[in-house]
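Below, chains carry the letters A, B, ... as their sequence lines are ordered, and counting in each starts from 1.
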There are 2 protein chains.
Amino acid sequence: MSTIREVAKVANVSVATVSRVMNEKGYVSEKARTAVLQAIKQLDYRPNRVARSLFQKRSGLIGLIVPDITNPFFPQLARAVEDMAHQHGFQVILCNTDEQFQKEQEYIQSLEAMHVDGLIITTNYSNNPNYEELEVPIVALDRVLQGAIPTVTSNGHDGGKKAAQFLLDHGATELVVISGPSKLPTIRKRRDGFEEIAGKHLVASIESPFHFQGALGAANYLFDHYDCNGIFAANDVIAAATIQVAAERGIAIPDQLQIIGYDGIELGQMISPPLTTIAQPIYQMGELAAKLLIQRIEGKEIAAVHHELMVEVIERETTKRKGEES
Amino acid sequence: MSTIREVAKVANVSVATVSRVMNEKGYVSEKARTAVLQAIKQLDYRPNRVARSLFQKRSGLIGLIVPDITNPFFPQLARAVEDMAHQHGFQVILCNTDEQFQKEQEYIQSLEAMHVDGLIITTNYSNNPNYEELEVPIVALDRVLQGAIPTVTSNGHDGGKKAAQFLLDHGATELVVISGPSKLPTIRKRRDGFEEIAGKHLVASIESPFHFQGALGAANYLFDHYDCNGIFAANDVIAAATIQVAAERGIAIPDQLQIIGYDGIELGQMISPPLTTIAQPIYQMGELAAKLLIQRIEGKEIAAVHHELMVEVIERETTKRKGEES
DNA sequence: GATTGATGTGTAACCGGTTACACAATATGA
DNA sequence: TCATATTGTGTAACCGGTTACACATCAATC
């Protein structure tokens, strides 16, 4: 791989001139410019980004910290972030924390040491650490962080309300919410919104882990202990598990039991019957987070600190058609 | 952020000594060592990895190029690669090509310019480009590349055979394979293996795109034109679509129709009924690819060039229990 | 003809680590 | 006692870009 000095030699100019041509900065004569361009082509010269980073203190790297890319909520988010980053000439570094505080800290340290230009974090350690003290710009995604850190979430409270209203409107009378880990604020909001509207129709409110196996257990527990005809699951994976357990037990969906999920991941349309769900605009959330981050990186001030996007219900087949409530 | 020279000043030694302490290289007196360590702690000094990269020509970065992280096959792969990379002190840069030649080339150029230490590629442009000419070590995952590039795949031919054998053993008599895009060698192998064993029981062999919507169309086409009681889908997403279409049409699974998928992604267990499938060891494949790459990066020669892992059938509920075939 | 400003170019320092090399000081062995 | 390791440390060059600054040249203006 050739260097700028070699290019300079071939083009018979100084390195400064080569640099000027490359960055289109400062005065360069037409003659010098073509000579340099010619030399660059001849040597297949591409500037060393590491060297450039060192001087400019800008690496063109964005760190994306997620709990686990394997959780089907995150690939779409990651994709959105990567697309937006790519459009602006950034690359993204993927980090999985498994929700472990220590891994998260390790990654942040590494990323800082390699001078990433910014960080997008979806994390739980909302309060503990010193995000505000970090020198790099940060945007929080799907989780709300303390302080002056911009965040992007969707309106979970409204989502919960919409879910309850939808079930009620479609003839469900005994409602259950299978919530996620209640230490997560975003999850609590969904549940609270649901319970607010469900009111006296609420039969039970139980908790489930996010992963499928755990949700299977929660669903079994639910059916063992309660009777209901409308379930709101805190995410689509839990909803899928609930559907599976219901199918095993011969409970007809949506006739005997209606189920509504949350998230709007692709999984929802792949299962049978296809899942009615409260869809977050996942891709847009990732996109917005990346956009905000890039704006901060480029020094623009950001207006609102907290961005909350709307959710919408996607009606599929785990709920009854309107007018057929029976 | 403090620099090595500041540390040197505080510890009252030269930068060389600080560097020696940090890298545990060369002679350092106990006295100097403790002074340096003390200074490092005092200043919360962390070496600038960019500067280190520049000199060492080693960035600690691995590029992972996938078609689309949103395709449920890839998150597990990415996770495995990232885990292994992290264990060895590397970070991974995620790139989505959408199977577009041009995006792939762009990414490779960028990654080269930022001096990634290695590349893991899952790509289709098996023949076209100049992978062999690249200076960075490469490992191909799930796709076979020409030349001396190490590859990691699973035994698709055997997988196809196993699928056919399994359906036959469980009482299916009229078999169909819904294959993926036949330009992909890995996909062709699955189909060929299946057809080899299916023999005269093969009723039809059709092609489907990989994404769910397209697969829905293919499944509808299939049911409109053929009668069969055993289907092999080239991946689990296609299988899920087939199940959904079958459910819509009131075809009982597995009683009237048995379905077997391919891949072994989590989706398979989340759908109803849970999917019998030929599972690739996805995580292990990613892990192995990363391991091989890291070995190459560290200069070790690699024995075998092509690694083919075994697949196994995971029996769930879209196929009949043995002994209950009819 | 002198002053001013725009244009064009090169030298060398700088970013922050790493390390070859020179030079000491001390220890070992004959 | 003198030659030879062994141990310990600092200076300065280097990695490959970027850019402040000095210096030229040339046209326009007074």
Run the side-chain hydrogen bond (donor to acceptor under 3.5 Å, both in side chains) test on A/Glu106 and A/Gln102 for me, step by step, so that the C-alpha distance in whole Å, both residues' side-chain angles and the decisive distance to 0.1 Å come before the verdict.
CA-CA 6 Å; A/Glu106 267 177 50; A/Gln102 216 216 314; 3.3 Å; yes
Consider the side chain of [X], meaning its heavy atoms from C-beta on, and name the nucleotide among [options] that approaches it most closely.
{"X": "A/Ala16", "options": "D/dA20, D/dG10, D/dT6", "answer": "D/dA20"}
{"X": "A/Val15", "options": "D/dA12, C/dA12, D/dG17", "answer": "C/dA12"}
{"X": "A/Asn48", "options": "C/dC15, C/dT18, D/dG17", "answer": "D/dG17"}
{"X": "A/Phe55", "options": "C/dT18, C/dG16, D/dG17", "answer": "D/dG17"}

Nearest whole angstrom, please: distance from the [atom2] of [N] to the [atom1] of [X].
{"X": "A/Gln56", "N": "D/dT18", "atom1": "CD", "atom2": "C1'", "result": "7 Å"}
{"X": "B/Met22", "N": "C/dG17", "atom1": "CE", "atom2": "P", "result": "8 Å"}
{"X": "B/Arg58", "N": "C/dT18", "atom1": "CZ", "atom2": "C1'", "result": "14 Å"}
{"X": "A/Leu54", "N": "D/dC15", "atom1": "CG", "atom2": "P", "result": "14 Å"}
{"X": "A/Lys57", "N": "C/dG17", "atom1": "NZ", "atom2": "C1'", "result": "12 Å"}
{"X": "A/Asn23", "N": "D/dT19", "atom1": "CG", "atom2": "C1'", "result": "10 Å"}
{"X": "B/Glu6", "N": "C/dC15", "atom1": "CD", "atom2": "P", "result": "11 Å"}
{"X": "A/Arg52", "N": "C/dG16", "atom1": "CZ", "atom2": "P", "result": "18 Å"}

Hey, is the side chain of [X] poking within less than 4.0 Å of OP1 or OP2 on [N], counting only N and O atoms?
{"X": "A/Ser14", "N": "C/dG10", "answer": "yes"}
{"X": "B/Ser29", "N": "D/dT9", "answer": "yes"}
{"X": "B/Ser19", "N": "C/dT18", "answer": "yes"}

Looking at every non-hydrogen atom in both residues, tell me the closest pair between B/Gln280 and B/Asp263 and how far apart they are.
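The answer is NE2-OD1, 2.9 Å.
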On a heavy-atom basis, which atom in B/Val116 and which in B/Val136 lie closest, and how many Å separate them?
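Heavy-atom minimum between the residues: O-CG1, 3.2 Å.
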Taking [Y]'s backbone N and O only, do any of them form a donor-acceptor pair with [X]'s side chain (distance below 3.5 Å, no angle check)?
{"X": "A/Asn48", "Y": "A/Ala51", "result": "yes"}
{"X": "A/Ser59", "Y": "A/Leu61", "result": "yes"}
{"X": "B/Glu6", "Y": "B/Thr3", "result": "yes"}
{"X": "B/Arg52", "Y": "B/Pro47", "result": "no"}
{"X": "A/Arg20", "Y": "A/Tyr27", "result": "no"}

So A/Val18, base contact, sugar-phosphate only, or nothing? Heavy-atom distance under 4.0 Å.
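No contact.
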Select from B/Ala51 and B/Glu30 the residue whose nearest nucleotide in DNA chain D is closer to the 5' end of that strand.
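The residue whose closest nucleotide sits nearer the 5' end is B/Glu30.
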Take B/Lys31 and A/Thr17, find for each the nucleotide of DNA chain D with the closest heavy atom, and name the residue whose nucleotide sits nearer the 5' end.
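Comparing both residues, the 5'-ward one is B/Lys31.
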Every protein N/O lying under 3.5 Å from an N/O of nucleotides 21-23 of chain C:
none

Polar pair under 3.5 Å, donor/acceptor by atom type, side chain A/Arg5, base D/dG17
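Yes, the side chain and the base share a sub-3.5 Å donor-acceptor pair.
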Do A/His86 and B/Ser110 get their side chains close enough for a donor-acceptor pair, meaning under 3.5 Å?
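No, because no side-chain N or O of A/His86 sits under 3.5 Å from a partner of the opposite role on B/Ser110.
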Can you list, by residue number, the residues of residues 32-46 of chain B that have a non-hydrogen atom closer than 4.0 angstrom to DNA chain D?
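Output list: B/Ala32.
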Here's a test of your reading of the structure: between A/Tyr27 and B/Lys25, which maps to the more 5' nucleotide of DNA chain C?
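Nearest-nucleotide comparison on DNA chain C picks A/Tyr27.
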Residues that A/Asn96 engages under side-chain hydrogen bond (donor to acceptor under 3.5 Å, both in side chains), provided they are two or more places apart:
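Counting only residues at least two positions away or on another chain, A/Asn96 forms a side-chain hydrogen bond (donor to acceptor under 3.5 Å, both in side chains) with B/Glu82.
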